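Lettering of chains follows the sequences in order, A, B, ..., and the numbering in each one begins at 1. Note that this is a predicted model, so its numbers are computed, not measured.
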Protein chains: 2
Amino acid sequence: MTDGANTMADGKPERISEAEYAVMEALWVRSPLTAAEVCEEVCQSRDWSLATVKTLLSRLVTKQAIATEPDGRRFLYRPVLARTDYLGGESRRLVDRLFGGRAAPLFAHLAEQEALTDADIAEMETLLKELRK
Amino acid sequence: MTDGANTMADGKPERISEAEYAVMEALWVRSPLTAAEVCEEVCQSRDWSLATVKTLLSRLVTKQAIATEPDGRRFLYRPVLARTDYLGGESRRLVDRLFGGRAAPLFAHLAEQEALTDADIAEMETLLKELRK
DNA sequence: AGTCTGCGATTACATCTGTAGGCCAATCGA
DNA sequence: TCGATTGGCCTACAGATGTAATCGCAGACT
């Protein structure tokens, strides 16, 4: 954690919906951003209006996933929830919910679906070696 | 992306909610079951009423995740959606949505969280060997 | 100073989800 | 045969989510 972003051990991290996640993604790539800038990043691909983005931003503020800082007359938005924490949490949730907390069966399913690329396999081998050390 | 037709016959795999999933689990363990039997399996742990289970069952029928067969005056419910297909689909969704379709970063996250047991690691090594052949 | 304009806040509304109650037909026990 | 029970179906309703329009204010422009 080179970064000062607190991982903030608040009791219950409020769930982030799929639409909200798209907004988070933009902010994880670059931040802080204004609402309009976020819209530039996501409105084309999802076919949203600026109003929609604003709603999502304020919901994310409520959920304390992002924070605002005043910049003159408007706000800049930046993530509070770290991308890593979110990804880790979601991954964990899936594994717990569907695979009894075991990662191996998940891996097996992905393999069965041929969802693993050669690069994945190579990377994971490296990873596993690391873990055994 | 060669999206292609899914393994199943139906064109659009309707999303199954978390509560509905609990019902599916019971039916994947044993089927066909009556509504009351499903309730016996899940009502204690989730603190549901029979009415709730019935609602979930009918929603699952609508979503074509399960099917009914008449048994005298009542119905027996059995899964149409295979557990494997569901798990595979959900895993795939997560990987696609959060990790750009790459499995390796998912495992990196799980590893970082220490969500991998020794058994997982061993199993995955075996699996990887299989895959390299 | 007065208007225009861009911005966050407020409000709206349809759908989905969680959770359940009530209605009505069929069936079983007496 | 007739009521009690069981079971599916329809209805309900609050909260979350997707999607957006509108309101009111603080600066910018003239």
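- Under the 4.0 Å criterion applied to side-chain N and carboxylate O atoms, A/Glu69 and A/Arg78 are assigned as salt-bridge partners.
- By the neighbour-count criterion of 12 heavy atoms within 6.0 Å, atom CG of B/Asp118 is sparsely surrounded, having that number or fewer from other residues, nucleotides or ligands.
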Expected string for nucleotides 24-30 of chain C under the B/S/- scheme (protein heavy atoms, under 4.0 Å, primed atoms plus P, OP1, OP2 as sugar-phosphate) is --BS---
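- Rounded to an integer number of Å, the gap from CD of A/Glu40 to C1' of C/dG6 is 14 Å.
- Rounded to whole Å, the distance from CZ on A/Arg74 to C1' on D/dG27 is 12 Å.
- When the P atom of D/dG8 is taken as reference, atom CG of B/Leu56 falls 13 Å away, rounded to whole Å.
- Between A/Glu18 and B/Arg93, at least one side-chain N (NZ, or NE/NH1/NH2) sits under 4.0 Å from a carboxylate O, which counts as a salt bridge.
- Between A/Ser17 and D/dG18 there is a side-chain polar atom (N or O) within less than 4.0 angstrom of OP1 or OP2.
- The side-chain heavy atoms of B/Glu123 and B/Thr126, taken from C-beta on, include no pair separated by under 4.5 Å.
- Rounding to whole angstrom units, CD of residue B/Glu20 and P of C/dG18 are separated by 6 Å.
- Rounded to the nearest 0.5 angstrom, A/Glu90 CD and B/Phe99 CZ are separated by 9.0 Å.
- The CH2-P distance, from A/Trp48 to D/dT17, rounds to 13 Å in whole Å.
- Distance A/Leu60 CG to D/dT17 P: 10 Å, rounded to the nearest Å.
- The two residues B/Arg46 and B/Ala22 make their nearest non-hydrogen contact at NH1-CB, 3.7 Å.
- Taking every side-chain heavy atom of B/Ala35 into account, D/dG8 is the closest of D/dG8, C/dT17, D/dA20.
- Among the protein residues, A/Ser49 comes within range of the sugar-phosphate backbone only, with heavy atoms under 4.0 Å from sugar or phosphate atoms but none that close to a base.
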Do any N or O atoms of the protein come closer than 3.5 Å to N or O atoms of nucleotides 9-13 of chain D, and which pairs are they?
none

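- Using a 4.5 Å heavy-atom cutoff, the side chains of B/Leu33 and B/Tyr77 are not in contact.
- When side chains are defined from C-beta on, B/Met124 counts as touching A/Met124, because their heavy atoms get closer than 4.5 Å.
- Rounded to an integer number of Å, the gap from A/Arg15 CZ to C/dG18 P is 12 Å.
- In this structure, the side chains of A/His109 and B/Arg92 stay at 4.5 Å or more apart for every pair of heavy atoms.
- Within the 4.5 Å cutoff, the side chain of A/Trp48 has heavy atoms near those of the A/Val23 side chain.
- Distances shown here put a side-chain N or O of A/Thr52 below 4.0 Å from the OP1 or OP2 atom of D/dA20.
- A heavy atom lying under 4.0 Å from DNA chain D marks none of the residues of residues 23-31 of chain A.
- One atom, CG of A/Leu57, and another, C1' of C/dA9, lie 13 Å apart when rounded to the nearest Å.
- Side-chain contact between A/Arg83 and A/Leu87 is present, with at least one heavy-atom pair separated by less than 4.5 Å.
- Side-chain contact check for A/Leu81 versus A/Ile16: some heavy-atom pair is nearer than 4.5 Å.
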